[in-house]
Amino acid sequence: SMLPDGGTFTTEAVATLACTDSDATIYYTLDGTVPSTYSHQYQNEPLSVMMSGTRVRIMAKAPGREASELVTSSLFIINSPPPVISETPGVHTDSTVGIIASADPNSDIHVTTDGSKPTFRSPKYNSAFGLTIRQTRTIVRAIAISRFMEPSKAVASETILIKTSTPEIDPDGGSFV
């Protein structure tokens, strides 16, 4: 048996394999091939599934007996961890720089500032420069896309308010000759 039998997870899924025959060894594959006694041998430790679209296939074999029936899991869908948007709260003058981080350092973060939902075609965020916001009432939306995973759920910032700098008078009064 296998728990869970597929499903949707963030970052990774952890599966446990079991066989009621205590003499049996469980063999598994993660690439869709049929397992054999030459496949990975389950070590009674949680099995990590980190690639979206994986189906775990298992079979058991006890000494001197035929192999068990093949068991194939439902699909494992692995979502990228969502990014975190942080900016200084309050009203900003002229512009502000938003910082976006991801739990997966290898993920690409894509952003929008026009109200649309980000996709893999949206501009890629460059953490070396931050994200400069110059237009008031902007909402930053972002997704993370990690290799071998589905895109994360979109996250959004609070509404960012930018006001025009207060003009100055120079000199501010005084006597002039």
Side-chain angles (χ1 to χ4, degrees), residues 2-17 28-33 35 40 42 45-58 71-170 172:
M2 181 178 345
L3 289 174
D5 180 20
T8 302
F9 305 87
T10 300
T11 309
E12 72 175 321
V14 178
T16 302
L17 312 179
Y28 70 93
T29 63
L30 301 174
D31 63 2
T33 59
H40 297 284
Y42 183 64
E45 295 179 2
L47 178 66
S48 181
V49 178
M50 299 179 71
M51 186 162 53
S52 192
T54 297
R55 287 189 194 274
V56 179
R57 300 184 89 184
I58 63 174
V71 175
T72 302
S73 73
S74 297
L75 202 60
F76 281 88
I77 304 298
I78 311 297
N79 292 321
S80 300
V84 175
I85 300 173
S86 60
E87 75 278 341
T88 307
V91 177
H92 304 277
T93 302
D94 294 328
S95 69
T96 186
V97 175
I99 304 299
I100 306 172
S102 175
D104 179 356
N106 298 316
S107 68
D108 290 331
I109 298 173
H110 295 266
V111 298
T112 62
T113 56
D114 62 1
S116 64
K117 182 180 176 182
T119 68
F120 70 94
R121 289 193 169 102
S122 300
K124 195 186 314 185
Y125 171 76
N126 184 334
S127 62
F129 299 105
L131 182 65
T132 302
I133 307 297
R134 290 189 172 86
Q135 186 170 342
T136 195
R137 302 202 184 283
T138 297
I139 296 176
V140 177
R141 289 180 169 78
I143 60 170
I145 300 176
S146 302
R147 191 171 182 198
F148 304 120
M149 295 182 194
E150 303 299 314
S152 71
K153 292 181 179 180
V155 295
S157 70
E158 298 290 324
T159 301
I160 299 169
L161 301 175
I162 308 290
K163 73 174 186 174
T164 305
S165 299
T166 303
E168 297 176 7
I169 300 172
D170 188 29
D172 186 13

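Note that the numbering runs from 1 along the sequence shown for the chain.
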*Does anything in residues 108-118 pair up under salt bridge (Lys or Arg N to Asp or Glu O under 4.0 Å), and if so which pairs, sequence neighbours excluded?*
Asp108-Lys124
*Would you please classify the geometry between the Tyr42 ring and the Tyr28 ring as parallel, tilted or perpendicular, with 30° and 60° separating the classes?*
perpendicular
*asked:* Taking Glu150's backbone N and O only, do any of them form a donor-acceptor pair with Ser80's side chain (distance below 3.5 Å, no angle check)?
replied: yes
*asked:* As an exercise, state the distance from CG of Asp31 to CZ of Arg55, rounded to the nearest 0.5 Å.
replied: 13.5 Å
*Does any non-hydrogen side-chain atom of Ile143 lie less than 4.5 Å from one of Tyr125?*
no
*List the steps, then state whether side-chain hydrogen bond (donor to acceptor under 3.5 Å, both in side chains) holds for Ser107 with Ser102.*
CA-CA 7 Å; Ser107 68; Ser102 175; 2.8 Å; yes
_Qualifying residues under side-chain contact (heavy atoms from CB on, under 4.5 Å), relative to Asn106, sequence neighbours excluded_ = Asp104
*Hey, does Val84 have a side-chain heavy atom less than 4.5 Å from the side chain of Val155?*
no
_Validation row: Glu12, Val49 side chains within 4.5 angstrom (heavy atoms)_ = no
*Quick one: are Ile145 and Pro151 in side-chain contact, heavy atoms under 4.5 Å?*
yes
*asked:* Ala156: which residues meet the side-chain contact (heavy atoms from CB on, under 4.5 Å) condition with it, sequence neighbours left out?
replied: Ile139, Arg141
*asked:* Could you tell me if Thr72 and Arg57 have a donor-acceptor pair between their side chains, going purely by distance under 3.5 Å?
replied: yes
